Chemist: 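Structure below; questions to follow.
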Amino acid sequence: MARKKIALIGAGMIGGTLAHLAAKKEMGDIVLFDIAEGMPQGKALDLSQCGPIEGFDAKITGSNDYADIAGADVVIVTAGVPRKPGMSRDDLLGINLKVMKSVGEGIKNNCPDAFVICITNPLDAMVWALREFSGLPHNKVVGMAGVLDSARFATFLAWEFGCSVKDVNAFVLGGHGDTMVPVTSYTTINGIPVNDYAKIKGVSESRIDEIVDRTRKGGGEIVGLLGNGSAYYAPATSAIAMAEAYLGDQKRILPCASYVEGKYGLDGLYVGVPTVIGAGGTEEVIEIELSDEEKNNLKVSTDAVEELLEACKSLDGSLA
Ligand code: LMR
């Protein structure tokens, strides 16, 4: 059987990390694309030379030509500009929307059968725009955010409880912005609801609220610390988990920015929801019962995403 082909659009810090992870896992041959001449080629050469040391067999090439992503099975898009300290993800909308247009056209013309995972911010609006520009079916275009946000929530909870992260199953819904919705009612410590476990461990409700707030602002905390750029290890790891779910037809239920129509009271919006990922792409959006407060929080978050879509439409008439 021919090896799978993984195209990474954007060869910055996340793109390079994605290439390294995908090669180590021998997920397939990798094309690292970027418009900056020499940079993807240099990273591809450097990463290829890890092969003999780490013992992986993967062909890694760098390219500035969309023709080289032809026939890709999976495309992971990180192209665009990251935010700087003091900026919100939404401040990137104008500049990254233009990037999504050329990436969407590159995908449409070269690998229209691929499963496309978008990481570029502001995530929920960019994945929607990328889908529009590429014309791919909605089930083949998805955004990476919920896996990352849930991993942040899980990390902070594990630190607080002094337990293994392996035992924390955390759950974050909604848009990938400061209004995201960490859902404590579906978050468990090896099956024990987190609020029950907090009582057992003497952790106050207000402390859990602080952890929820830190999760919401988790990306910004890293942007502030790095000073130049945003997180890349955990975003890349999250997208690789999604790509593996697709390539391996794993039917994993992952929180992803999926296209939601007729569930959660939504009518054609990309936003973070529990999603089954398998060989069919995003095969099913799972609608879970939410409390009134959680529903309200989700509404605030989805309203914020809808506003961004309106902004996209007014910036690019072809989206209206
Ligand atoms: C993240 O959450 O780390 C990314 O969305 C990058 C950012 O700007 O926060």
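Everything numeric here is computed off the predicted structure, so don't read it as measured data. Both counts, for ligands and for their atoms, begin at 1 and track the order of listing. All values below come from the heavy atoms of this structure, side chains included, with hydrogens, waters and symmetry mates left out.
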Chemist: Quick check against the 3.5 Å criterion: does Thr275 have a side-chain atom that pairs as donor or acceptor with the backbone of Val273?
Modeler: yes
Chemist: Mind jotting down which protein residues get a heavy-atom contact under 4.0 Å with ligand 1? Chain and number order, please.
Modeler: Arg83, Arg89, Asn121, Leu148, Arg152, His176, Gly219, Val223, Ser230, Ala231
Chemist: Would the distance check show the side chain of Ser258 and the main-chain N or O of Tyr270 forming a donor-acceptor pair, the cut-off being under 3.5 Å?
Modeler: no
Chemist: I'd like to know if Arg207 and Asp209 make a salt bridge, using a cut-off of under 4.0 Å between side-chain N and carboxylate O.
Modeler: no
Chemist: Between CD1 of Ile35 and CD1 of Ile9, what distance do you get to the nearest 0.5 Å?
Modeler: 11.5 Å
Chemist: Distance only, no hydrogens: is a donor on one side chain within 3.5 Å (strictly under) of an acceptor on the other, for Asn195 and Glu205?
Modeler: no
Chemist: Do Asp65 and Ser63 have a side chain donor and acceptor closer than 3.5 Å?
Modeler: no
